[in-house]
Amino acid sequence: VAYLISFCAAFAGFATLALAMPKHARAAGFAVARLRAQALRGGGWLLLTLSAAALIAASGWQIGLVEFCAVLTIAGIAVALLLSYRPTWLVRFALAAFMAGIAGCSMLLQGWT
Amino acid sequence: MSGGPAETAQPGWRQTMSWLHTWTGLLLSVVLYFMFVTGTAGYVHLEITRWMEPERAATGAEAVGSSPALAAKAVAQLQADMPRAKAYYITLPAGRHAGELSLYASALEGDAAIERRLDPATFAPLGTVRETGGGGALYAMHYALHYLPGAVAMYLVGIATMFMLIAIITGVVVHKKIFADFFTFRPAKRQRSWLDAHNLSSVLALPFLVMITYSGLLFYTFDYAPAAKWAAYGTGAEANSRIDAEIYPSYASLPITAEPAPLASVADMIAAAEARWGAGSVQYFNIQNPGLANAILTAEREATARSAILPQRLQSNAVTGAMLGDPGVRDPASVQFADVLIFLHEGNFARPVLRWLYVVAGLFGAAMIATGMVLWTAKRRQRLRGDAAASAGLVFVERLNVGVIVGLPLGIAVYFWANRLLPLGMAGRAEWEMHALFITWAGALIAGALRPPGKAWPEQLALAALMFGAIPFLNAATTTIHLGRTLPIVGEGDGVLAAFDLSMLVIGACFAFAARRARGKYPSAASRATGMIAPHPVPAE
């Protein structure tokens, strides 16, 4: 579950960072004002931090950080492929990942493993 | 990011780096690609071996007794085989080593060591029915290569790795827009697409690539960079033993002049370690100086059960049986730093999900090298104007690429085929599995040289798709460990074996997809002669 939460957070984080870039935002069907872009960027980095935190909490900081690097790679390629072939789905997928991440967190809180 | 040196008298910093990146990358790319593909297989070498020894009993089906009892039985066996030994090493059937018990005894002097792999339930030797190189042979190839003397391979691998490190650093320098292009992939744009794919695979896997390349050099630090050692310690055996004593105190061997003394109960010592870490959590233990008064037992925790990168160990006095606790001897900080990187490289601590991710990252590395090789040719092909003839170098690399990039995986598929098809009692069977790999690769190189690239790519990709995709069916036809029995829902279930067959299907599907996309990518001879470029195929979707 920690992997799932971390992946969802990293995917949503990368997607948010991509949406903060005018090039990708236009492709996804948005025009992003400068202020919004900055907010998106902050949110993206926050999500990436949460992604790292989930794995560090689950596996300890040594192995957690190794796992985080690997999850970043997978999430990054997922965002890049989506932007290349289905850019308009990016926002939907990012929201879904965000919800799945929250669902995963609540599963953890209720004592699932 | 142009290829050749700039034509101005004073090429800029980035252009110089670009030149360095292009040529360090290209020159030994074949060796590096080989290292990444076989090294990636190495992350799952135990699992591959399991598949390549189909006669082995289903893992976990039989109770093999508690590990303390098994440990005692294993040591008793070694004592019977070699009563006076320097050390015994035992790997218990825990974690990824389920279903096999490995024994090793190193002799005091001159004699040959004893090495055995046993079925833990019956103590019968493993791997006698079917002699195979297994996953271990693929794993060993990524640093020892094959057919080459050890020292030559070690230095060739070292030089290739140094080139790789240079190519990575210069690659970051010449990549002008790492962050702006972080997610950028523009499909179906010829050279642009290859550049994007090269950038994506390397930037996204950069932490892994830097780690794996730098740590790769640390395995043979003193062989690759011997000058400091020579200056500080001199040369010769005496210097080497002084280095070992000063730099690796934790590996120091005990004096063998002690009085004889019988071993305490091995079962009790292992049970004491398990009391600390949990039942079944001792993966490995060794006994130094068994039979002498200063004998020491060192137990190591199962790698995937710990939450640290470096191993966790407990030592016991093997004569009194008293636990000494965490071994107090620490190597110097520099050696510990290197150890962390080396353990990251090997990834023994990786649990299944992380192990899969290691494999994916390794494939990214292979993809980075392969796309780099193709990019080199795509860039030069694009620069040709009209009916200008391609240079001999361009034609050479173009024709080499197919056989290298597709031929090696094809050879690995044939390696698995050979494991199932070669006669069981054949002499030198394991070696012939390996020959089959290299004969196939050589065949692919020759075919790639003779056929025009526009034909060779789809042909070889399709063949690879067929050979990988058919492996589960071949397996079903020749063994009883096929998907019909190993899939959890239909059969009794064996995750490792099922995952192997399913992975072969996925790899086959990827090659099939690539084969379809590769058709018509190269301008045909006719259109090239008239100076036209073949229309670029639009992606099917």
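Letters A, B, ... are given to chains in the order of the sequence lines, protein chains preceding strands, and every chain is numbered from 1.
Annotation: the span from A:F14 atom CZ to B:L204 atom CG amounts to 7.0 Å, rounded to 0.5 Å. One finds the CZ atom of B:F182 at 8.5 Å from the CG atom of A:L17 (value rounded to the nearest 0.5 Å). Atoms CZ and OG, from B:R351 and A:S59 in turn, are 5.0 Å apart once rounded to the nearest 0.5 Å.
The number of heavy-atom neighbours closer than 6.0 Å to CZ of B:F343, taken from other residues, nucleotides and ligands shown, is above 12. Residue B:Y214 qualifies as open at atom OH: its count of foreign heavy atoms under 6.0 Å is 12 or below. Counting non-hydrogen atoms of neighbouring residues, nucleotides and ligands closer than 6.0 angstrom, the CH2 atom of B:W277 exceeds 12 such neighbours. At most 12 heavy atoms of other shown residues, nucleotides or ligands fall within 6.0 angstrom of atom CZ in B:R276.
Annotation for A:K23 and B:D181: closest pair NZ-OD1, 3.2 Å, computed over non-hydrogen atoms. Closest heavy-atom contact between B:F183 and A:L83: CB-CD1, 3.7 Å. The shortest heavy-atom contact between B:I309 and A:I63 is CG1-CG1, 4.3 Å.
In this structure, chain A has no heavy atom under 4.5 Å from any part of B:A361. Residue contact with chain A, scored on non-hydrogen atoms closer than 4.5 Å, involves the side chain of B:L344 exclusively.
Chain A forms more heavy-atom pairs under 4.5 Å with one residue of B:L200, B:T184, B:V360, B:D196 than with any other, namely B:T184. The residue among A:I77, A:V71, A:V79 with the most heavy atom pairs within less than 4.5 Å of chain B is A:I77.
A heavy-atom distance below 4.5 Å is not found between the side chains of A:C69 and B:F208. Between A:T73 and B:F364 the shortest side-chain heavy-atom distance falls below 4.5 Å.
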Run the numbers on B:Y358 and A:V66 for side chain to side chain contact (heavy atoms under 4.5 Å, CB included), then give the verdict.
CA-CA 10 Å; B:Y358 257 109; A:V66 179; 4.2 Å; yes
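The backbone N or O of B:F185 sits less than 3.5 Å from a side-chain atom of A:S84, completing a donor-acceptor pair.
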